[in-house]
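Worksheet: one structure, shown below.
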There are 2 protein chains.
Amino acid sequence: MDTMQDDGATSGESHARTAASTPTRGRDRATWDRDVVAGILDATPVCHLSYVDDRAGGPITIPTSFARMGDDVVFHSSSGAHVAALARDPDRDGGPGQVSVCLTVTLVDGWVLARSGMHHSMNYRAVVVRGTARLVPDEADRRAALAAVLDAVWPKRSEHCRPPDARELAATSVFRLPLDVVSAKVRAEGAVDDPADIDGPWWAGVVPVRTVVDEPVPNADLAPGITLPRGS
Amino acid sequence: MDTMQDDGATSGESHARTAASTPTRGRDRATWDRDVVAGILDATPVCHLSYVDDRAGGPITIPTSFARMGDDVVFHSSSGAHVAALARDPDRDGGPGQVSVCLTVTLVDGWVLARSGMHHSMNYRAVVVRGTARLVPDEADRRAALAAVLDAVWPKRSEHCRPPDARELAATSVFRLPLDVVSAKVRAEGAVDDPADIDGPWWAGVVPVRTVVDEPVPNADLAPGITLPRGS
């Protein structure tokens with residue numbers, strides 16, 4: 001199967017896709033076009049964040065929320081969480097306050113069913129950011145990052161909820177990761193089969209997949225008359 | 001914000017949730033209930049796969065397809081891909097043919113908007129599998145795993161496409177990862193705010209999110225009269 005794997009990490013080349021372009025596979029799909037990267041990062045508040053387990057040595061990957069702020073992405077954790085403990089470790093390579101991470105954002109757009117099993121694929125938009133995440137020390141910066149994460153979930157949500165108090169801020173680690181080592185991959189086309197298979201008896205095409213946001217459901221304990229600001 | 005991060009890796013306890021249970025946070029949501037884990041893994045063909053970069057030292061996380069086969073998950077890569085190269089490295093800890101990975105599956109069910117910024121969360125179902133992925137050597141096992149990945153995308157798809165030929169099989173690395181170190185987390189409730197905030201002027205509730213699969217779109221070069229078997 002034609003996967004998304006071929007070194008999803010970095011690429012030194014930008015490949016603009018046009019309707020007339022030859023179908024491409026694997027690493028040829030990579031781009032570091034700034035607008036493409038930003039567009040994907042801005043389309044969802046959910047990422048997968050990975051770090052290396054200091055105890056067992058392998059990677060750990062968790063879903064979490066994030067936001068893009070200019071040329072950085074920001075995310076946070078409870079100060080008791082593993083990634084925060086790693087960042088506080090004074091014995092780490094590079095010193096305390098930082099941790100090597102990979103932050104990956106994936107939007108799935110469809111299942112690509114090819115005539116041959118091995119050319120099955122997915123249509124998707126993905127961004128992989130690698131690098132050193134650093135704890136944000138300044139309180140105003142921390143507040144701005146937390147607000148950005150809220151606003152990534154729902155427009156202007158940070159203006160319509162209670163802001164963090166001192167105790168909550170103290171219990172939260174906020175990280176900033178620069179968009180330096182970053183690549184995007186976009187697959188957005190039909191099945192690409194071997195020429196010998198084109199006349200075969202198998203169906204080929206795309207099953208579109210999309211994410212739908214439904215009407216908000218108020219909490220059972222919400223007082224009457226309070227409505228959700230739409231933010232726009 | 002109430003994130004998914006608090007040690008998403010492993011848990012030694014099972015926490016069955018009931019309608020009458022007290023709202024729980026963080027690590028209390030973890031379960032290793034076998035049916036919960038299987039149900040989440042079987043609900044999507046997409047995972048995020050992480051391994052540690054032998055060149056730069058940090059983690060790399062990529063989206064890819066996978067399938068559950070009993071008490072294992074299976075995935076594959078081009079034999080030229082980074083994860084396959086890692087597995088072939090004879091100098092690795094533990095010997096060649098294996099690589100330390102984390103395989104994470106996340107299904108997002110809603111944005112939880114709380115009265116306070118820090119209690120915003122997501123409703124989600126997630127499974128984190130950690131361990132040693134091993135190359136599958138036997139050809140029949142490799143074919144079965146590749147078929148399982150196809151069938152995870154579309155029911156019985158492996159029966160309705162051209163199977164891999166010898167050249168394709170040789171160019172593909174197939175991995176098996178046991179469901180030994182695995183945990184699931186499920187959040188499926190409204191906003192959980194601090195008592196002092198309950199009477200505040202802010203909206204609280206859940207914005208439901210779901211994934212929709214639309215009608216298949218045939219390839220432009222598909223011969224007339226070929227239909228897509230629905231598999232069920």
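Each chain gets a letter, A, B and so on, in the order the sequences are listed, and its residues count up from 1. This one's a predicted model, so the numbers in the text were calculated from it and none came from an experiment.
Looking at A:P218, both its backbone and its side chain come within 4.5 Å of chain B, counting heavy atoms on both sides. At a 4.5 Å heavy-atom cutoff, the contact between B:P164 and chain A is made by backbone and side-chain atoms alike. Both the backbone and the side chain of B:R210 come within contact range of chain A, with heavy atoms under 4.5 Å apart. The part of B:A114 that comes within reach of chain A is its backbone (N, CA, C, O), which places non-hydrogen atoms under 4.5 angstrom from that chain. For B:D197, the part lying near chain A is the side chain, with the backbone staying farther off; criterion is any non-hydrogen pair under 4.5 Å. If you measure heavy-atom distances from B:S158 to chain A, you find no contacts under 4.5 Å at all. B:V101 touches chain A through its backbone: at least one of N, CA, C or O sits under 4.5 Å from a heavy atom, while the side chain does not. For A:R115, the parts lying under 4.5 angstrom from a heavy atom of chain B are both the backbone and the side chain.
Distance check, rounded to the nearest 0.5 Å: CD of B:E168 to CG of A:D194 gives 6.0 Å. Between B:C161 atom SG and A:H119 atom NE2 the span is 11.5 Å, to the nearest 0.5 Å. With rounding to the nearest 0.5 Å, the separation of NE2 in B:H48 from CG in A:L49 is 11.5 Å.
Listed here is the closest heavy atom pair of B:S50 and A:P59: O-CG, 3.5 Å. Closest heavy-atom contact between B:P45 and A:M122: O-CE, 3.9 Å. The two residues A:S100 and B:G58 have their closest heavy-atom pair at CB-CA, 4.3 Å. Nearest approach of B:V52 to A:G57, heavy atoms of both residues: CG2-O, 4.2 Å. Contact record, A:T227 with B:W203: C-CD1, 3.4 Å, taken as the closest heavy-atom pair.
The shortest side-chain heavy-atom distance between B:M118 and A:D165 does not fall under the 4.5 Å cut-off. The shortest distance between side-chain heavy atoms of A:I226 and B:W202 does not fall below 4.5 Å. A:D214 has its side chain out of reach of B:V209: every pair of non-hydrogen atoms, C-beta onward, lies at least 4.5 Å apart. Counting only heavy atoms from C-beta outward, the side chains of B:P216 and A:W111 never approach each other to under 4.5 Å.
In terms of non-hydrogen atom pairs under 4.5 Å with chain A, the most contact-rich of B:V112, B:L222, B:T211 is B:L222. Interface summary for chain A: among B:V207, B:V212, B:D199, the most heavy-atom pairs under 4.5 angstrom belong to B:V212. When the candidates A:A220, A:G190, A:A204 are compared by the number of heavy-atom contacts under 4.5 Å with chain B, A:A204 comes out ahead. Comparing A:T132, A:L169, A:D221, A:L103 by heavy-atom pairs within less than 4.5 Å of chain B, the highest count is held by A:D221. Contacts with chain A were tallied for B:P163, B:A84, B:C102, B:G131; B:C102 has the most, counting heavy-atom pairs under 4.5 Å. No other option in A:G110, A:G225, A:P208, A:P201 has as many heavy-atom pairs under 4.5 Å with chain B as A:P208.
Checked by atom type and distance alone, the side chain of B:T104 pairs as donor or acceptor with a backbone atom of A:T61 at under 3.5 Å. Judged purely by atom type and a 3.5 angstrom limit, B:N219 uses its side chain to pair as donor or acceptor with the backbone of A:A191.
The existence of a salt bridge linking B:R162 and A:D193 is excluded, since no basic side-chain nitrogen approaches an acidic carboxylate oxygen closer than 4.0 Å.
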